[in-house]
Amino acid sequence: MLVIHSQPEALGELVELLTGPTLQIETARSKTEALNKIRGGSISVLIAGHRPPSLDGIALLEASISHLPDALRILVVTGEADADYLDQRPNDEHPIVRFVGRPNERRRLVALVHEGLKLHRLVSEQRALVAALSGKHRKLQNREKLLDVVVRERTTELEESYEKLKAANRQALFGLAEAIEAKDSYTKGHCGRVAAYSMVLAEAVGYPAEEMETLEFGAFLHDIGKIGIRDSVLLKPGPLDEEEWLHMREHPLMGYEIASKIEMLKTIIPAVRNHHERWDGKGYPDSLAGEAIPLSARIVGIADAYDAMATDRPYKSALPLEECESILQKNAGKMFDANLVNIFCENHLGAIFDQRYDDEFYEDGYQDDDSADLEALVEASED
């Protein structure tokens, strides 16, 4: 890893934060020094501060692409406006990740780097597999006499390799979900439960089989935008005030910004951006209503709300299955698609995580941005 910052104090803080037993860290305080190390070394991660005119981090990371095309590039800024250029930067195969964090919030950078290195290793493994398969294919062309037997054998290998590649992509996507949950212990298991509820509901309503995997990924990563939520808000052990809610409700748009810049995440954008829309049009961020809300977002919205009610929080206990179903039914046609709610409740789909299953699903509660909606649901159930 190469860490570049023009201020010695900030550079020392970043190095101390990121130092680990398996990671070698180099430092630089100027563009010239950084480029010399980039040209002469093998670097997997580039982290640059952005303090023009002393250090133009964006220009430096752009210049590094020709030397290190596969490196993970992270720009550290203290505010969104400090790197507006990245919003206009064309999508290509060399993205620059914008990390917004003041000095006291930089510990979130560790999780981002950890997941970035995972993705870097997966890409390397995928390329090695492709190279290996290419070599084997060339050998096949020279074995005419044994063609039939060899083709059958190699076809099996190709199928297995394809499954490995698919598994690698799944691991990378689920690694992003782990990064979300790593910010807050109360969310542990939430992404997996929402994905499970979404899948059984989708199957019950006849969701297209060829789109089920995309729905699963969307449900797993519906809260990916919480990577950008302040820890003071996300980890608050109680109800949020108005300003905090406004900030928390930015996470669907933050998730959309992330997914729209990563090719393999673009298919899950509807579930990420619109899972907090309401059937009556009073949701956010787009105030969509009825069937204008994408079906995947409607499914994930019900799964998300159910899990918020059915798990413990720091300031409330989990509600029983029957009460959760009652609240969903009372809000069918207002917050939720009535047809989906009826199918969810009639088939008691929330029971898939009862005590017959592993206790790992119950180790922690859940602090989500559904708190205000949940309180409204509870009040409605008491009328």
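All figures in this text were calculated on a predicted structure; none of them were measured in a lab. Reckoned from all heavy atoms, side chains included, excluding hydrogens, waters and symmetry mates.
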Checklist entry - Leu18 versus Val45: any side-chain heavy-atom pair under 4.5 Å? => result no
Item to check | Nearest-0.5 Å distance, OG of residue Ser44 to CG of residue Leu68 | outcome: 9.0 Å
Checklist entry - If you look at every heavy atom in Pro252 and Pro285, which pair is closest and at what distance? => result CB-CD, 4.1 Å
Item to check | Any donor-acceptor pair under 3.5 Å from His222 side chain to Ala219 backbone | outcome: yes
Checklist entry - In Å and rounded to the nearest 0.5 Å, what is the OG1 to CE distance from Thr27 to Met1? => result 12.5 Å
Next on the checklist: So, taking the atom named CD in Glu211 and the one named OG1 in Thr267, what distance separates them when rounded to the nearest 0.5 Å?
Outcome noted: 10.0 Å
Next on the checklist: Consider side chain to side chain contact (heavy atoms under 4.5 Å, CB included). Of Leu72, Ile74, Ile38, which one does Leu46 pass it with?
Outcome noted: Ile38
Checklist entry - Does a side-chain heavy-atom distance below 4.5 Å link Ile269 with Val272? => result no
Checklist entry - According to a 4.5 Å side-chain heavy-atom criterion applied to Ile, Leu, Val, Met, Phe, Trp and Tyr, with indirect links allowed, do Tyr256 and Ile268 form part of one hydrophobic cluster? => result no
Checklist entry - Mind checking whether Val200 and Asn347 have side chains closer than 4.5 Å, heavy atoms only? => result no
Checklist entry - Which residues pass the salt bridge (Lys or Arg N to Asp or Glu O under 4.0 Å) test with Glu62, sequence neighbours left out? => result Arg89
Checklist outcome for this item: Rounding to 0.5 Å, atoms NE2 (His247) and CG (Asp241) come to a distance of 11.5 Å
Item to check | Within one Ile-Leu-Val-Met-Phe-Trp-Tyr cluster: Tyr207 and Val341, side-chain cutoff 4.5 Å | outcome: yes
Next on the checklist: Does any part of the side chain of Leu55, heavy atoms only, come nearer than 4.5 Å to the side chain of Gln7, both counted from C-beta?
Outcome noted: no
Checklist entry - Short question: side chain of Glu277, backbone of Leu288 - any donor-acceptor pair under 3.5 Å? => result yes
Checklist entry - Can you name the nearest heavy-atom pair linking Met212 to Ala202, along with the distance? => result SD-CB, 3.8 Å
Checklist entry - So, does His275 use its side chain to make a donor-acceptor pair with the main chain of Ala271 at under 3.5 Å? => result yes
Item to check | Main-chain N/O of Val194 paired with Ser198 side-chain donor or acceptor, under 3.5 Å | outcome: yes
Checklist entry - Among the clusters formed by ILVMFWY side chains lying less than 4.5 Å apart, do Met248 and Leu253 turn up in the same one? => result no
Next on the checklist: Between Glu243 and Arg230, does the salt bridge (Lys or Arg N to Asp or Glu O under 4.0 Å) criterion hold? Intermediate values first, please.
Outcome noted: CA-CA 12 Å; Glu243 185 278 330; Arg230 298 193 302 268; 3.3 Å; yes
Item to check | Partners meeting salt bridge (Lys or Arg N to Asp or Glu O under 4.0 Å) with Glu325 (sequence neighbours left out) | outcome: none
Checklist entry - Do Val76 and His5 pass the side-chain contact (heavy atoms from CB on, under 4.5 Å) test, and can you show the C-alpha distance, the side-chain angles, and the key distance before you say yes or no? => result CA-CA 9 Å; Val76 178; His5 205 289; 5.9 Å; no
Checklist entry - How many angstroms lie between atom CD1 of Ile299 and atom CZ of Phe336, to the nearest 0.5 angstrom? => result 13.5 Å
Item to check | Residue pairs, two or more places apart or on separate chains, that pass salt bridge (Lys or Arg N to Asp or Glu O under 4.0 Å) and touch residues 282-298 | outcome: Arg273-Asp286, Arg298-Asp337
Item to check | Check: Asp304 side chain, Val300 main-chain N or O, donor-acceptor pair, under 3.5 Å | outcome: no
Checklist entry - Of all residues at least two apart in sequence or in a different chain, which pass the ring-ring contact (aromatic ring centres under 6.0 Å, His included) check with Phe344? => result Tyr306
Checklist entry - Under the 3.5 angstrom rule, does the side chain of Ser64 hit a backbone N or O of Leu61 as a donor-acceptor pair? => result yes
Checklist entry - Tell me, which pairs form a salt bridge (Lys or Arg N to Asp or Glu O under 4.0 Å) where one or both residues lie in residues 25-36, sequence neighbours left out? => result Glu26-Lys37, Glu33-Lys37
Item to check | Expected output: side-chain Asp307 to main-chain Ala303 donor-acceptor under 3.5 Å | outcome: no
Next on the checklist: For Glu210, I'd like to know if atom CD has over 12 heavy atoms of other residues, nucleotides or ligands within 6.0 Å.
Outcome noted: yes
Checklist entry - Can you list the residues that meet the salt bridge (Lys or Arg N to Asp or Glu O under 4.0 Å) rule with Glu16, with sequence neighbours excluded? => result none
Next on the checklist: Applying side-chain contact (heavy atoms from CB on, under 4.5 Å) to Leu349 and Tyr197, what does each step give before you reach the verdict?
Outcome noted: CA-CA 7 Å; Leu349 299 182; Tyr197 294 135; 5.7 Å; no
Checklist outcome for this item: Correct closest heavy-atom pair for Pro69 and Ser66 would be CD-O, 4.4 Å
Checklist entry - What heavy-atom pair brings Ala289 and Asp280 nearest, and what distance separates the two atoms? => result CB-C, 4.1 Å
Checklist entry - Quick one: are Ile65 and Arg73 in side-chain contact, heavy atoms under 4.5 Å? => result yes
Checklist outcome for this item: Nearest heavy-atom contact between Pro270 and Ala297 is O-CB, 3.6 Å
Checklist entry - Does the side chain of Thr311 reach to within under 4.5 Å of the side chain of His190, using non-hydrogen atoms? => result no
Item to check | Min side-chain heavy-atom separation Leu60-Leu35 under 4.5 Å | outcome: yes
Next on the checklist: Measuring only between side-chain heavy atoms, which start at C-beta, is Met309 closer than 4.5 Å to Leu328?
Outcome noted: yes
Item to check | Met199 side, atom CE; Phe220 side, atom CZ - distance, nearest 0.5 Å | outcome: 10.0 Å
Next on the checklist: The test is salt bridge (Lys or Arg N to Asp or Glu O under 4.0 Å); show your working for Lys261 and Glu257 and say whether it passes.
Outcome noted: CA-CA 7 Å; Lys261 291 178 173 60; Glu257 290 297 324; 3.1 Å; yes
Item to check | Shared hydrophobic cluster for Leu246 and Ile229 (ILVMFWY, side-chain gaps under 4.5 Å) | outcome: no
Checklist entry - Do Ile293 and Ile302 share a hydrophobic cluster, counting only Ile, Leu, Val, Met, Phe, Trp and Tyr and linking them when any side-chain heavy atoms are less than 4.5 Å apart? => result no
Checklist entry - How far apart are the closest heavy atoms of Ile43 and Ala71, and which atoms are they? => result O-CB, 3.9 Å
Item to check | Trace of the side-chain contact (heavy atoms from CB on, under 4.5 Å) decision for Asp56 with His50 | outcome: CA-CA 5 Å; Asp56 188 337; His50 185 56; 3.3 Å; yes
Next on the checklist: A quick test of your reading: do over 12 heavy atoms of other residues, nucleotides or ligands sit less than 6.0 Å from CD of Glu203?
Outcome noted: no
